[in-house]
Structure formats: structure tokens, C-alpha cells
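Here is the structure we will look at, set down as C-alpha cells.
Bear in mind that the values here come from a model prediction, so they are computed numbers and not experimental data. Sequence lines set the chain letters: A, B, ... in the order given, protein chains first and strands last, and positions in each chain run from 1. Atom set for the values below is all heavy atoms of this structure, side chains included, hydrogens, waters and symmetry mates excluded.
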Protein chains: 2
Amino acid sequence: MQNQIEQKCRDAGLKLTGQRRTIAKVLTEATDHPSANELFKRCTEIDPRISLSTLYRTLRVLEEARIIQSHDFGEGYARFEVAKEKPHDHLIDLVSGDVHEFNHPDLERLKQFIAKEFGYDVVRHRVELYAIPIKSSQSKRRRVRS
Amino acid sequence: MQNQIEQKCRDAGLKLTGQRRTIAKVLTEATDHPSANELFKRCTEIDPRISLSTLYRTLRVLEEARIIQSHDFGEGYARFEVAKEKPHDHLIDLVSGDVHEFNHPDLERLKQFIAKEFGYDVVRHRVELYAIPIKSSQSKRRRVRS
DNA sequence: CTCTCAAATAAGAATAATTCTAACTTGCAC
DNA sequence: GTGCAAGTTAGAATTATTCTTATTTGAGAG
């Protein structure tokens, strides 16, 4: 019952405290992209002795160790997820706040191509699509797909 | 001489105060993507009687009126630019902080395509390339696409 | 198992960008 | 010129996050 994050902490030489185990558990079990506040709620539900500072520090440490990844979707706070092998981009549902992940090879090629035209190498990028669900029952939209 | 922003303020039914004229002038003359702080410096150089609150409120009002556009490049503060007819994306020079604008039709097509696969319509998007200059060859610097 | 101590934690203060408050101006329609 | 809604000012408030300081703890060594 040792989760992925606990093993990675060990590998990174991080102490495994009770708080970290709890945070690791919550992060591992999250299927969404929770904010620090949301994570704090879930953590204190398991163990109320966790302080917000500890959560924030742990999140920072875990991100520095590349174990988790934080995102800023322009909501005024960060959202977190366990780092995946493949980097990916996000589609944010403007109605529900749900986040979908995607990775399109054309996009990767395109960004390198564009950067090269300016004389740059892309170090990292941010691609976020803010979108609303297509209502299938509704008549076809007038705007034709491009 | 009446600049673009002043006319647009008039059209939007906004009062043209001395402070707004100064802010409009500074924004119009900026060729970079200045932060609120940087804008404040430039404004107070022209007229020291402008307060930071006024600047922030004016920036908000101007953005709501679609006269300017703010961006969050993950630096902890916003950057502003006069709204252009065509929306565009940004390449941020990680060394100098310079911002280059681009617009690639393939990217527009691709984002719609990806969203449609998830059953969504893209309302807006954010594409930012964080990059470093290619050192070896001077290649294609200063190439501007609109 | 105990000792040790660097690393981690708790609680709350500090920070920084931005927004709000409340009392005072001012642009501009009449 | 007047009236008043919109704008301004200075500073307080807000909010996510980081820092400080005293205290606790994980885990390696003995």
C-alpha cells in the first residue's frame, strides 16, 4: 500500500512524514485538478493536524522534485496534478470547471516551427483551450467549422 | 492630437479625465507589454498626480470595454497591451522578457479540431511559447507575422 | 532500541498584486 | 454656470502564497 508518490519521495531523498503520506494519498487519488484549498480540505478530512503552510511547502517541494505539476488556469489560484510521463495540454470546461488533457503531435511540431521562425528554441509552452460543451440537441451552429 | 484609445473611450461612454488621457498616451506609445507597475512608473513621470488605484481601475475598465488586453505570463503580475483587431499568441523570451506576437492559421484549425474531439467549442484560448534565443545562427530574427 | 540532528511542521506574520472604501473632485449634459 | 454621476485619492482590505521562529520528528548510526 505504498503509493507512487511515496516511492518517488524516497528516491528524491525526501522525508516521509505523516503529513506527506496524507498529501501523497490525496494527490494520488485525485482524478481532477484540485486547487491548494481543495487539497487542504481533503487532507484535513483524513488528518486534521495538517497545516496549510505544510501543504503549500510540500506542494512546492514535490513540484521541484518533478513529482507533481502545478497549473495556472487564470482563476487566481494554482491547480495540481501528479506529473505524467508525457507532458500534455489542457481543455478547460468553462461551464463545469472540468479539465480534459490532450496531446497532439501536430501541436508539438507547430510550436517548434513557429519558434524557429523567430530564432528561438521552445523550452516549455502553455496551451489551454477554454471551451463550452457542444449542445447536441440544438440545431447546427451557423458558424462553419474551419 | 487625439489618440486611438481616447476616441474609443468616448465611443464607450467613458469620461475623459486627465488621468485617463495620460494612461491612454502611455498605453498607445508602449511597444512592449508593460506590467501595471511599469505603466505606473511611466504615467507618474508624465503626471505624478495619478494614483495606483486609478491606474488599476482604469485598466480594468479599459479591458472590460475591450480597448486593452491583459495577459498573465505566469510572472505573478499581469501585462497589458492595446487590443488588436486580430487575436494573437505570444512567444516569451525567457532571457530578456521580450514578447513576440504571432498568429498561425494551422494553430487556429488545430485547436478547433482538438476541442471538437472532446465535444467542445473553443471560446478562447491561451498559447504561450516560453523560449530561449538560438545562439549559433542569427537566422530569422525580427521576422514579423501578423 | 536509543541518540542525534537535519529536515519537517504549526501557527501566525509577512508579502505582493490587485480591489475595495469612503470622502472628496471633476467632466460634461443641461 | 450647475448638478450630479462618474472618477479620483489614500490607504485599508483581500487573497493566494511564502516566510519566520520555535518545536517536533524521521531515519540513519551506534
Side-chain angles (χ1 to χ4, degrees), chain A residues 2 5-27 33-41 43-44 46-65 67-80 97, chain B residues 2 5-27 33-41 43-44 46-65 67-80 97:
Chain A
Q2 167 124 308
I5 292 179
E6 288 190 15
Q7 186 52 56
K8 284 183 180 167
C9 280
R10 215 178 296 278
D11 295 347
L14 298 172
K15 261 195 200 171
L16 263 183
T17 64
Q19 288 89 335
R20 282 192 182 162
R21 278 175 213 275
T22 303
I23 294 168
K25 181 177 159 63
V26 169
L27 281 168
H33 292 66
S35 63
N37 228 351
E38 180 58 35
L39 288 169
F40 187 59
K41 268 188 218 158
C43 285
T44 47
I46 297 173
D47 177 0
R49 294 172 312 152
I50 291 172
S51 83
L52 193 53
S53 329
T54 296
L55 174 60
Y56 270 111
R57 184 172 18 70
T58 303
L59 289 173
R60 186 155 29 87
V61 165
L62 291 179
E63 181 165 27
E64 279 163 7
I67 296 170
I68 64 170
Q69 176 72 57
S70 82
H71 298 289
D72 171 11
F73 295 144
E75 299 160 300
Y77 49 81
R79 295 211 201 183
F80 301 84
Chain B
Q2 167 120 312
I5 291 179
E6 289 189 15
Q7 185 54 53
K8 282 182 180 167
C9 280
R10 215 178 295 279
D11 296 347
L14 299 172
K15 263 194 199 172
L16 263 183
T17 64
Q19 288 88 336
R20 282 190 181 164
R21 278 175 213 273
T22 302
I23 293 169
K25 180 177 159 65
V26 168
L27 281 167
H33 292 67
S35 64
N37 228 350
E38 180 57 35
L39 287 169
F40 187 59
K41 269 187 217 160
C43 284
T44 47
I46 297 174
D47 176 3
R49 295 172 311 152
I50 291 172
S51 83
L52 193 54
S53 328
T54 296
L55 174 59
Y56 270 110
R57 183 170 22 67
T58 302
L59 289 173
R60 186 157 28 87
V61 165
L62 291 179
E63 180 164 28
E64 279 162 8
I67 295 170
I68 64 170
Q69 177 71 59
S70 81
H71 299 289
D72 171 12
F73 296 144
E75 300 159 300
Y77 49 80
R79 293 210 201 185
F80 301 84

* **Distance test, side-chain N/O of A:Thr17 to OP1/OP2 of C:dT9, below 4.0 Å** => yes

* Nearest-Å distance, CZ (B:Arg21) to C1' (C:dC28)? -> 12 Å

* Rounded interatomic separation in angstrom, taking CZ from A:Arg60 and C1' from C:dA7 -> 14 Å

* Contact class for B:Gly76 vs. all strands (heavy atom < 4.0 Å): base, sugar-phosphate, or nothing? -> sugar-phosphate

* Structure fact -> From CD1 of A:Ile50 across to C1' of D:dT24 the rounded distance in Å is 15 Å

* Ignoring backbone atoms, establish whether B:Tyr56 has a side-chain N or O less than 4.0 Å from OP1 or OP2 of C:dT18. => yes

* **Which nucleotide in C:dT9, C:dT18, D:dT17 has an atom nearest any side-chain atom of B:Leu52** => C:dT18

* For the pair made of CG in B:Leu55 and P in C:dT18, what is the distance, rounded to whole Å? -> 10 Å

* For DNA chain C, whose closest nucleotide is more 5', that of B:Leu14 or that of A:Ile23? -> A:Ile23

* Given atom CD of A:Glu75 and atom P of D:dT14, what is their separation to the nearest angstrom? -> 22 Å

* Please walk me through it: do A:Thr54 and A:Gln19 pass side-chain hydrogen bond (donor to acceptor under 3.5 Å, both in side chains)? -> CA-CA 8 Å; A:Thr54 296; A:Gln19 288 89 335; 5.6 Å; no

* Asked: If only side-chain N and O atoms of B:Arg57 are considered, is one of them under 4.0 Å from the OP1 or OP2 phosphate oxygen of D:dG7?
  -> no

* Given atom CD of B:Gln19 and atom C1' of C:dC24, what is their separation to the nearest angstrom? -> 13 Å

* Think B:Ser53 has a side-chain N or O under 4.0 angstrom from the OP1 or OP2 of D:dG11? -> no

* To do: Kindly compute the distance separating CG (B:Leu62) from CD1 (B:Ile68), expressed to the nearest 0.5 Å.
  => 5.0 Å

* Asked: Atom OH of B:Tyr77 to atom C1' of C:dT15: distance rounded to whole Å?
  -> 16 Å

* Structure fact -> Out of D:dT17, C:dA11, C:dC28, minimum distance to the side chain of B:Leu16 belongs to C:dC28

* Has the side chain of A:Lys15 got a donor or acceptor that lies under 3.5 Å from a partner of the other kind on the base of C:dA7? -> yes

* **Which atom of B:His33 lies closest to which atom of B:Arg79, heavy atoms considered** => O-CD, 2.7 Å

* What pair of heavy atoms forms the shortest contact from A:Ala36 to A:Leu55, and how long is it? -> O-CD2, 3.2 Å

* Value in whole Å for how far the P atom of C:dA7 lies from CZ of A:Arg10 -> 18 Å

* What's the shortest heavy-atom distance between A:Cys43 and A:Ile50, and which atoms? -> CB-CD1, 4.1 Å

